[in-house]
Colleague: 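To start, I am sharing the structure in question, which I have written as structure tokens.
Convention: sequence-line order gives letters A, B, ...; per-chain numbering from 1. Note that the coordinates shown come from a computational prediction; the quantities given were computed from them, not determined experimentally.
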There are 2 protein chains.
Amino acid sequence: MKVSIKLADLTTDGILSAACPSRIVLDHVTSKWGVLVLVALSEQSLRWGELRRMVEGVSEKMLAQTLKVLEQDGFVLRVAQPTIPPRVDYSLTDRGRELTDRLLPLMEWITANAGEILA
Amino acid sequence: MKVSIKLADLTTDGILSAACPSRIVLDHVTSKWGVLVLVALSEQSLRWGELRRMVEGVSEKMLAQTLKVLEQDGFVLRVAQPTIPPRVDYSLTDRGRELTDRLLPLMEWITANAGEILA
DNA sequence: CCGCATCCGTCACGATACTG
DNA sequence: CAGTATCGTGACGGATGCGG
């Protein structure tokens, strides 16, 4: 895997330019429910219904949509059991793990400081 | 400054519950333009017009709205010079710096991997 | 019973014009 | 230069219903 050594200068050639592909991925990750789904999956693999219940307030439609995008981006792995009743498990891929490794510190900080911020 | 980072269990009492105040802050930070404005300001203080040009694609309305929210949350400091023509500088507060410290690694990773992800 | 698709309302967003 | 006001559109999101 190619890991560019240069810490890209985000302010010049990166995310700030409208045409930059990272804008797309950014929108996926920072979508209303994307972050929460990733956080939920960061601890353990979960079934559809479990996700639905853990991520409070998400509608079925949005959960499905969010999961589809995250799966397409290769962050989430979907494993469907062809049983009756059906069972589908969602888990993080290695790439998804890399992402949440960077995401969780941010979330923890926000959670810890939210009270003070809104005060 | 309080930096006790209790690794809050995000999956039980945190961001996943609908009533959690961190949901509000999360929405502010991950708003369509919030992240990009924070990244732009992470390198240097900027004037209104500079921000408008750096964050490509942002409309005046959205920039104003985003800045207002970020200022209310205490992430961004607004300094207006009562001159003609007017001059307004925006910069990160200490709290905003704490936030971007956690945000930038995420952004760098996304920028570096976006190509591969969308492929 | 679990997962997904379709319909439809709402509001966030962008374009434009205007003010201090 | 730095915003504010108004309006039209389109995407997002919730409720409902179907398929396996």
Colleague: Check this for me: does any side-chain nitrogen of one of E108(A) and R102(B) sit under 4.0 Å from a carboxylate oxygen of the other?
Modeller: no
Colleague: Heavy-atom nearest nucleotide on DNA chain C for K61(A) versus P85(A): which residue maps closer to 5'?
Modeller: P85(A)
Colleague: Please tell me which of the listed nucleotides, dG3(D), dG14(C), dC2(C), lies nearest to the side chain of P86(A)?
Modeller: dC2(C)
Colleague: Without decimals, in angstroms, what is the distance between Y90(A) OH and dC2(C) C1'?
Modeller: 10 Å
Colleague: Of all the nucleotides listed (dG14(C), dG14(D), dC4(C)), which has the minimum atom distance to the side chain of W33(B)?
Modeller: dG14(C)
Colleague: Counting only side-chain heavy atoms from C-beta out, which of dA2(D), dG14(C), dG14(D) sits nearest to K32(B)?
Modeller: dG14(C)
Colleague: Please answer whether the main-chain N or O of I15(A) pairs with a side-chain N or O of T111(B) as donor and acceptor at a distance below 3.5 Å.
Modeller: no
Colleague: Can you confirm whether E116(A) is buried at CD, in the sense that more than 12 heavy atoms of other residues, nucleotides or ligands lie under 6.0 Å from that atom?
Modeller: no
Colleague: What I'd like to find out is whether the side chain of L99(B) reaches to under 4.5 Å of the side chain of L106(A), using heavy atoms alone.
Modeller: yes
Colleague: Could you tell me the separation between the CD atom of E60(A) and the C1' atom of dT16(D), rounded to a whole number of Å?
Modeller: 10 Å
Colleague: In whole angstrom, what separates H28(A)'s NE2 from dA11(D)'s C1'?
Modeller: 14 Å
Colleague: Could you check whether R47(B) gets within reach of a base, just the sugar-phosphate, or nothing at all, counting any heavy atom under 4.0 Å?
Modeller: sugar-phosphate
Colleague: Tell me whether T100(B) contacts the main-chain N or O of L103(B) through its side chain, where contact means a donor paired with an acceptor under 3.5 Å.
Modeller: no
Colleague: If I take atom CG in residue L63(B) and atom C1' in nucleotide dA12(C), what distance separates them, rounded to the nearest angstrom?
Modeller: 16 Å
Colleague: Assign each of K68(B) and Q65(A) to its nearest nucleotide of DNA chain D by heavy atoms, then name whichever residue's nucleotide is nearer the 5' end.
Modeller: K68(B)
Colleague: With sugar-phosphate meaning primed atoms plus P, OP1 and OP2, does R52(A) contact a base, only sugar-phosphate, or nothing at under 4.0 Å between heavy atoms?
Modeller: nothing
Colleague: So which one's nearest nucleotide on DNA chain C is more toward 5', V58(B) or L67(A)?
Modeller: L67(A)
Colleague: Rounding to an integer number of Å, can you tell me how far D27(B) CG sits from dC13(C) C1'?
Modeller: 16 Å
Colleague: Which part of the nucleic acid does M62(A) contact within heavy-atom distance under 4.0 Å: base, sugar-phosphate only, or nothing?
Modeller: base
Colleague: Quickly work out the R53(B) CZ to dG3(D) P distance and round it to whole Å.
Modeller: 14 Å
Colleague: Provide, to the nearest angstrom, the distance between the CD1 atom belonging to I84(B) and the P atom belonging to dC1(D).
Modeller: 13 Å
Colleague: Between W48(A) and dG3(C), is there a side-chain N or O to OP1/OP2 distance below 4.0 Å?
Modeller: yes
Colleague: Give the rounded distance in Å between these two atoms: CZ of R78(A) and P of dC2(C).
Modeller: 15 Å
